[in-house]
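Residue indices begin at 1 and follow the sequence shown.
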Amino acid sequence: MERYDRQMRVAQIGKKGQEILRTSTVLIVGIGAIGTYAAEIATRMGFGRLILVDRDFVELSNLQRQTLFTEQDAIQKEAKAWAAAKALRAINQDIQIDFLVDDANGQSLLPFAGNLDAVLDCTDNFATRQFLNQWCLDQQIPWIFASCAGTFANVMPIIPGETACLHCLMEKMPLFNETSCDIIGVHGALIPMLAGLQVSLLTKLLLGERHTNYYQLDNWEMTFQKFGVTRNPDCAVCVHEKKLDTTFSKQPVLLCGRDTVQFQIGAAIDFKAFQAVLGQQEIPNNANRFVLTFHFQGYDFTVFQNGRVLVHGTNDLMIAKKQYQHFFNEV
């Protein structure tokens with residue numbers, strides 16, 4: 001029987017709709033809670049090509065709410081994008097799964113510009129979402145904003161030139177929850193519900209149905225609300241085309257809720273050469289394809305191959321910088 005038989009029996013999709021999904025390319029930014037569920041749904045539905053982008057690695061605390069990952073992935077600190085791609089390829093070999101272990105920024109996404117049908121925002125911070133809003137407007141690519149924390153979830157499709165953009169709503173929509181799930185947590189059962197809504201909106205968008213609504217779900221009170229939204233006629237971004245500063249700082253940055261400071265070297269790191277340096281100081285370390293970890297003077301270090309370094313165990317930028325500069329000259 002045809003793999004997608006049950007899906008094609010849905011009147012709104014049919015064989016024609018399934019063919020559209022089969023030839024579509026979707027960029028998924030953030031392969032954490034929302035992203036893993038959304039990517040798995042899209043994989044099983046037969047979207048032709050998925051590009052997974054995430055800068056982080058798998059941790060044990062992720063497993064409560066992030067599908068596709070295993071305890072072994074957490075033990076080995078596998079890169080999320082790579083681990084998810086591996087799992088998805090085992091689910092559906094008929095589609096193309098690509099991945100990128102990096103920040104979503106203008107340089108890292110440049111190879112995909114002009115080749116995307118849509119973007120799914122599955123991130124956990126508004127700095128990245130602000131960048132996606134700007135980038136998708138520049139590239140004229142529709143994208144679907146999604147966020148969740150506690151028991152609340154929010155989702156909205158954004159179509160350049162047709163709907164309100166994220167900047168239109170940021171100052172007018174208090175329903176946007178900027179509270180991190182690191183602080184107030186997240187209900188595990190909420191995430192697949194949100195991912196299902198996001199992929200449903202994606203499917204409708206690719207099949208030609210346009211929506212201008214903002215949706216909010218509370219899976220504790222069991223409520224679902226829909227708000228009509230319109231473009232701000234004086235929006236600085238989507239109307240006046242003002243370019244906001246959406247670049248990631250190269251200076252040390254405290255990661256909210258993680259007792260971790262991030263540094264950006266700005267160049268790739270040769271793991272073998274760096275391991276030789278650690279070996280000279282008799283510092284044990286572990287490395288996989290993308291991540292190298294070690295412990296030094298009471299602090300844990302996570303080093304990414306693309307030049308990102310995390311110092312765990314402090315929220316003091318000066319202390320973190322002192323530890324960082326024991327190994328690296330560039331900040």
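The salt bridge (Lys or Arg N to Asp or Glu O under 4.0 Å) analysis of residues 130-150, with sequence neighbours excluded, yields the pairs Asp138-Lys243. Legend: side chain to side chain donor-acceptor pair (under 3.5 Å) pairs involving residues 10-19, not counting sequence neighbours, sorted by first then second residue: Gln7-Gln18, Glu19-Arg22. Applying the salt bridge (Lys or Arg N to Asp or Glu O under 4.0 Å) definition to pairs two or more places apart or across chains, none involves residues 213-235. Applying the salt bridge (Lys or Arg N to Asp or Glu O under 4.0 Å) test to every pair with at least one member in residues 273-290, sequence neighbours left out, gives these pairs: Glu78-Arg289. Listed by first and then second residue, the salt bridge (Lys or Arg N to Asp or Glu O under 4.0 Å) pairs that reach into residues 158-167 are Glu162-Arg210, sequence neighbours excluded.
Taking the six-membered ring for Trp, Phe327 and Phe301 have ring centres closer than 6.0 Å. Between Phe328 and Phe274, the distance separating the two ring centers is shorter than 6.0 angstrom. A ring-centre distance under 6.0 Å is not found for Phe271 and Phe304. Phe296 and His326 have their aromatic ring centers within a separation under 6.0 angstrom.
For Phe112, there are no ring-ring contact (aromatic ring centres under 6.0 Å, His included) partners at least two apart in sequence or on another chain. Not counting sequence neighbours, the partners of Tyr215 by the ring-ring contact (aromatic ring centres under 6.0 Å, His included) test are Phe224. Not a single salt bridge (Lys or Arg N to Asp or Glu O under 4.0 Å) links Asp102 to another residue, sequence neighbours left out. With sequence neighbours left out, the side chain to side chain donor-acceptor pair (under 3.5 Å) criterion links Gln66 to Lys80. Shown here are the side-chain contact (heavy atoms from CB on, under 4.5 Å) partners of Ala79, two or more places apart in sequence or in another chain: Trp82, Val101, Phe290. With sequence neighbours excluded, no residue satisfies salt bridge (Lys or Arg N to Asp or Glu O under 4.0 Å) with Asp54. Applying the side-chain contact (heavy atoms from CB on, under 4.5 Å) rule to His295 yields the partners Asp300; only residues at least two apart in sequence or on another chain are considered.
Within a 6.0 Å radius of CD in Gln140, other residues, nucleotides and ligands contribute more than 12 heavy atoms. More than 12 heavy atoms of other residues, nucleotides or ligands shown are found within 6.0 angstrom of CD on Gln281. Around the CD1 atom of Ile75, the shell of radius 6.0 Å holds more than 12 heavy atoms that belong to other residues, nucleotides or ligands. Enclosure of atom NZ in Lys86 by more than 12 non-hydrogen atoms of other residues, nucleotides or ligands within 6.0 angstrom is indicated.
Judged purely by distance below 3.5 Å, without hydrogens or angles, the side chains of Asp121 and Gln198 never pair a donor atom with an acceptor atom.
At distances below 3.5 Å, not a single donor-acceptor pair connects side-chain atoms of Arg65 with backbone N or O atoms of His187.
The hydrophobic cluster containing Ile20 also contains Val10, counting ILVMFWY residues as joined when their side-chain heavy atoms lie under 4.5 angstrom apart, directly or transitively. A single hydrophobic cluster is seen to contain both Ile319 and Phe294, as judged by linkage of ILVMFWY side chains at heavy-atom distances under 4.5 Å, directly or through other members.
Exactly one residue among Asp98, Thr25, Asn115 makes a side-chain hydrogen bond (donor to acceptor under 3.5 Å, both in side chains) with Arg49. That residue is Asp98.
In plain terms, the two heavy atoms of Asp117 and Pro142 that are nearest each other are O-CG, 3.4 Å. Shortest non-hydrogen contact noted between Ala38 and Val199 is O-CG2, 3.8 Å. Between Ala84 and Leu68, the shortest heavy-atom contact is CB-CD1, 3.9 Å.
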